[in-house]
Amino acid sequence: MADTLTNAAGVSALLSGTAATIAAIVGVLLAVPTAWAAAGRRRPRAGYAAAALAALPEFVLAAVLITVVAVNWRLAPTAGWFGPAHLVLPALSLGIPTGGLLARLLTTAVEATAAEPWVHTWRAAGSGRRELATALLRRAITVVVPQVAVLFVGVLGGAVAVEQLFAIPGLGRIALHASLAQDLPLVQGCVLFLVVTGVLVGGLGITAHRLLIGPAGQAAGLIPAVPEHRHSPYRAVPLTAALLLTTVVGVGLLRDAERVRLDQRLASPSWDHPLGTDPVGRDVLAQLAHGAILTVGTAAVVTVLSLLVGLAAGLRGGTARTGTADVLNALPPVFVGLIIAALAGPGLTAAALAAALVAWVPLAVHTRSLAEEVRASGYYRAAELCGAGPGRLLRRHLLPAVAGPVVLHALARVPATALTIAGLGFLGLGAGHDSPEWGAQLAAAVTYLERAPLAVLGPVAGLGLLGVLAATPGRLLLRGLRPLHQR
């Protein structure tokens, strides 16, 4: 087993490293317009494109690249692992969506950096726009470096579906087959390797961050600031996305999602079936709407539970301070789903549990950071000196101060949770293939991508619209992160 894991880990590390490089290039390119706008004192464009890209399922992009680039254009191999040519399409499938997520982190960091005092000093000294934009982007990259390390581990653990589609003998594919065969020792070996790698890479990311900051970080030469919130000129984008998603779901719920018509398999769009039919003749519009209830509804329930657990753990502080959070951050939900499937079997409940076991960690860390700020404030210490008990301090000071920002953070993570549930369904670890859940839909229809593209594009568009909607509370989160003395 050791030789199998070592060889698979080498394959996955090469694939993930290449994908992480692509993600870094895509993320920086998408963040450049924000840095240019901030350097010119203009309102930066909302990161809706990056948000939609981050919500793009890797396995769907992989299927599109196989169909278009490998089969139709014959520019790359369709599967296998026999040389550099076999690396291109899998790395693009993993790197492009991760680049969208990295772009969201970078644009947020650029907006925060633009409010730091040194930016005003540079402007007063007559620095050019290009020079200032470069400095803003460099400073933002410094802030995001630890997150890049975590993203690398996420790519390493999230490559299960891509490795399966391209028949790559990597860690994820081996873990998937071991899980379906309920070979628990092999699954445990894969998870152990991933956790150890995550902790090591996370430590390297923190070290790189400190080196990039240099003496300024130790001498308090950098003063973090929160950017002034201004209404985005692109407010019509999330409103349009919300209206479109609501309309599709509302109309689709009125239609029968269970009726099978084998004589109308993979039918083109018509008046009776506006989005066509799936491989067994069911209405795609009805499947999309009913699947939204399962996928997005389950993601919403998971988010609420994760929010409650994250608030409780973060306000208590112990779990967020120890290495438990680092270990769980290094463990992608797909691998948690593999463990649960190996123990209890696949299902939608198992997929939701896998997502919930990981989703509370960043919320707990966020809560802990805000709670420490409140505890260090003057009014909190004054309340302690006046004899306020722990319960009153929690109800009147801690919880009101941290609840708003953490709730917005949780809302911003709903698309990622929905994507996790859909990914587990695609791998056969979530809802059954006869379910309208989006991942199960994609698994059933991805083979027929060329003949019936709408059967695949429907769930993908739903995830993309959900990502656009999440970008709005994500930007509002900047307001909640103001220090208490600035509110």
Side-chain angles (χ1 to χ4, degrees), residues 19-56 61 92 94-123 125-148 151 155 212 222 224-242 408 412 415-416 461 463-479 481:
T21 302
I22 294 173
I25 295 173
V26 172
V28 170
L29 290 177
L30 290 176
V32 165
T34 301
W36 184 256
R41 296 184 179 182
R42 294 182 179 179
R43 294 180 180 180
R45 295 185 177 183
Y48 298 128
L53 201 61
L56 177 65
L61 181 57
L92 288 173
L94 289 170
I96 292 176
T98 306
L101 179 58
L102 181 59
R104 291 195 64 185
L105 296 174
L106 282 172
T107 52
T108 301
V110 165
E111 292 180 18
T113 302
E116 292 181 351
W118 66 269
V119 177
H120 303 290
T121 303
W122 280 41
R123 286 198 180 105
S127 297
R129 185 175 182 181
R130 179 178 297 179
E131 182 182 9
L132 186 55
T134 303
L136 285 171
L137 195 57
R138 180 180 177 182
R139 172 76 174 97
I141 291 174
T142 301
V143 174
V144 173
V145 159
Q147 298 293 332
V148 174
L151 286 177
V155 170
L212 286 172
L222 295 174
V226 177
E228 177 185 359
H229 176 77
R230 293 179 293 183
H231 291 294
S232 170
Y234 303 94
R235 285 176 291 177
V237 175
L239 292 177
T240 303
L408 290 175
L463 290 169
L465 291 174
L466 197 62
V468 169
L469 291 176
T472 303
R475 291 174 65 81
L476 291 176
L477 179 63
L478 292 173
R479 298 181 67 183
L481 290 175

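Remember, predicted model here, so these are calculated numbers, not experimental data.
Here CG of Leu136 is found 11.0 Å from CZ of Arg129. Values are rounded to the nearest 0.5 Å. Here the CG-CD1 distance, from Leu102 to Ile25, works out to 11.0 Å after rounding to the nearest 0.5 Å. Remark: Leu92 CG to Ile22 CD1 distance equals 4.5 Å, nearest 0.5 Å. For the atom pair CG of Leu106 and CG of Leu137, the computed distance is 6.5 Å after rounding to the nearest 0.5 Å.
Side-chain contact between Thr107 and Leu30: absent, with no pair of heavy atoms (C-beta onward) separated by less than 4.5 Å. For the pair Leu61 and Pro97, the minimum side-chain heavy-atom distance is below 4.5 Å.
For Ala114 against Ala38, the heavy-atom pair with the smallest separation is CB-CB, 4.0 Å. Of all heavy-atom pairs spanning Leu94 and Ala19, the tightest one is CB-CB, 3.7 Å.
Listed for the Ser127 side chain is a donor-acceptor partner under 3.5 Å among the backbone atoms of Trp122.
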